[in-house]
Number of protein chains: 2
Amino acid sequence: MTPKAAYHHGDLRAQLIEAVRDLVETHGPDGFSVAEAARRAGVSSAAPYKHFKDRPDILRAVAGEGMDRLRVAMEQAAAAHPVGSLEAVAAIGLAYVDFARTEPGVFRLVFGLTEGHENAPDLQEKGECCFGVVVKAVADRLKRPTNDPLVQRRAYMLWSFVHGHSFLHIDGKTRVSAARIDDWLYLTEISKGVLATLPGA
Amino acid sequence: MTPKAAYHHGDLRAQLIEAVRDLVETHGPDGFSVAEAARRAGVSSAAPYKHFKDRPDILRAVAGEGMDRLRVAMEQAAAAHPVGSLEAVAAIGLAYVDFARTEPGVFRLVFGLTEGHENAPDLQEKGECCFGVVVKAVADRLKRPTNDPLVQRRAYMLWSFVHGHSFLHIDGKTRVSAARIDDWLYLTEISKGVLATLPGA
DNA sequence: GTCCGATGTAAGCGATGCTAACTTTTCGGA
DNA sequence: TCCGAAAAGTTAGCATCGCTTACATCGGAC
């Protein structure tokens with residue numbers, strides 16, 4: 001099973017995704033080339049096109065895989081706290097920020113897709129699943145159904161908050177603020193604030 | 001003054017920036033090439049390198065110019081409302097979102113720089129100026145000095161909120177939320193909520 | 001008027017995205 | 001068990017791109 005053993009080594013697709021993920025992480029979303037990924041996988045530069053349509057298609061796959069991991073991380077974070085607790089909500093936010101911090105390249109890829117994946121229904125669906133995790137936690141907390149507009153609205157508020165913080169964080173913009181930020185305290189405070197103001201529209 | 005009249009037409013640099021901005025807007029931050037920009041400006045593909053060091057340098061210039069326009073838009077938005085009013089704060093946020101919506105490509109460029117401009121002191125400074133607009137409005141509202149950590153903290157909260165909303169908006173992620181969002185109401189609500197919870201750390 | 005620097009062009013190198021045509025391996029069905 | 005098609009790899013090659021080098025041209029200072 002050495003890499004050289006097989007003409008068809010079977011898992012080239014997975015190996016390419018892994019290589020691309022690494023490249024995206026170390027050289028930024030732009031500093032990646034299909035050729036370099038193929039080189040790392042030990043195959044010719046034309047081989048990737050047997051598994052992916054084109055360059056955006058590869059990035060799409062990496063983004064999709066990243067979204068799956070993000071959703072799992074959020075679910076696990078929520079599951080570590082009592083259902084309906086404020087901590088569960090804050091933990092989801094922290095998982096989100098942690099993901100952005102540990103894999104800024106993939107994170108940026110997931111949310112910065114503008115090459116050729118505007119119409120990528122699978123990515124759209126994965127994204128809605130991620131949002132669904134937040135919605136569920138908020139619904140549990142507020143003791144309302146998930147399709148309640150108020151729940152959706154609060155969940156979106158929390159999401160945009162955490163999303164913005166994540167981006168500013170990986171862009172190094174947090175340093176402009178004099179006070180250093182403790183993510184857990186910050187997210188707890190935000191969650192409480194957003195979920196408390198029930199009289200909103 | 002026809003474009004053909006001059007061998008040195010004098011404003012090639014500005015013309016290139018304009019062309020790049022258009023390309024970034026229509027084809028995404030990645031779907032831009034120095035060659036295409038030169039073609040649009042009617043010069044040879046080597047001409048841009050007389051004005052810019054390399055490709056990232058051009059993008060940096062476009063980003064810087066975009067940041068200037070963003071700051072001006074925020075300042076004007078704030079100036080349209082009484083000093084210290086909640087509306088001034090919300091208006092700044094709306095200007096931010098509007099910028100992202102009107103020029104998603106440039107907006108993404110400004111905040112997604114990962115090619116070769118980690119150490120771009122001028123961009124860093126421009127960014128801090130933008131943040132300064134928010135800080136000032138918050139300080140006026142809270143009747144506290146701009147260097148008060150509480151002011152900085154509230155301003156950062158508002159910024160991350162608006163920043164996240166902007167990104168989610170241009171990524172088309174807002175549609176996952178059932179209820180349609182009225183930006184002005186939304187931003188007013190957020191501003192009030194964030195600035196009201198004074199007992200925060 | 002003349003010279004020099006700023007600004008343009010032309011030509012070319014190496015790398016890239018992707019395709020075409022070919023070879024090798026795998027595997028399901030007669 | 002063999003065999004033929006599809007899957008998965010290869011090499012070769014085209015057009016484009018980023019960027020450099022060497023050369024051409026303009027415009028202003030003296």
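By convention in this document, chain letters (A, B, ...) are assigned in the order of the sequence lines, proteins followed by strands, and residues within each chain are numbered from 1. The model shown is predicted, which means the values in this text are computed figures rather than measured ones.
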Original post:
With a 4.0 Å cut-off, would you call B/Arg108 and B/Asp171 a salt bridge?
Top reply: yes

Subject >> Atom-to-atom span, CG of B/Asp11 to C1' of C/dT7 - whole angstrom >> reply: 13 Å

**OP:** Return the value, rounded to whole Å, for the distance between atom CZ of B/Arg39 and atom C1' of C/dA10.
**Re:** 16 Å

Original post:
Which is true for A/Arg13 with a 4.0 Å heavy-atom rule: it touches a base, it touches only sugar-phosphate, or it touches nothing?
Top reply: nothing

Subject >> side-chain contact (heavy atoms from CB on, under 4.5 Å) partner of A/Arg13, the single match among A/Lys50, A/His51, A/Glu18 >> reply: A/His51

**OP:** Rounded off to whole Å, could you give me the NE2-to-P distance for the B/His51 and C/dT7 pair?
**Re:** 6 Å

**OP:** Please check if the distance between the ring centroids of B/Phe167 and A/Phe167 is under 6.0 Å.
**Re:** yes

Original post:
For B/Lys50 and C/dA10, what is the distance between atoms NZ and C1' respectively, to the nearest whole Å?
Top reply: 12 Å

Original post:
Whole-Å distance between D/dT16 C1' and B/Leu23 CG?
Top reply: 15 Å

Every protein N/O within reach of nucleotides 18-20 of chain D N/O, cut-off under 3.5 Å:
from, atom 1, to, atom 2, distance (Å)
D/dG18, OP1, B/Val34, N, 3.1
D/dG18, OP2, B/Val34, N, 3.1
D/dG18, OP2, B/Ala35, N, 3.1
D/dC19, OP2, B/Tyr49, OH, 3.2
D/dC19, OP2, B/Arg55, N, 2.8

Original post:
Which is it for B/His165 and B/Tyr96 under the ring pair (Phe, Tyr, Trp, His ring centres under 6.0 Å) test, yes or no, and what are the steps along the way?
Top reply: CA-CA 10 Å; B/His165 178 51; B/Tyr96 199 91; over 10 Å; no

Original post:
Are any of the side-chain heavy atoms of B/Leu59 and B/Val24 separated by less than 4.5 Å?
Top reply: yes

Original post:
Do NZ/NE/NH1/NH2 and the carboxylate oxygens of A/Glu75 and A/Arg69 come within less than 4.0 Å?
Top reply: no

Original post:
Once you round it to whole Å, what is the distance between C1' of C/dG17 and CG of A/Asp57?
Top reply: 14 Å

**OP:** Using atom CZ of A/Phe52 as one end and atom P of D/dA8 as the other, report the distance to the nearest whole Å.
**Re:** 12 Å

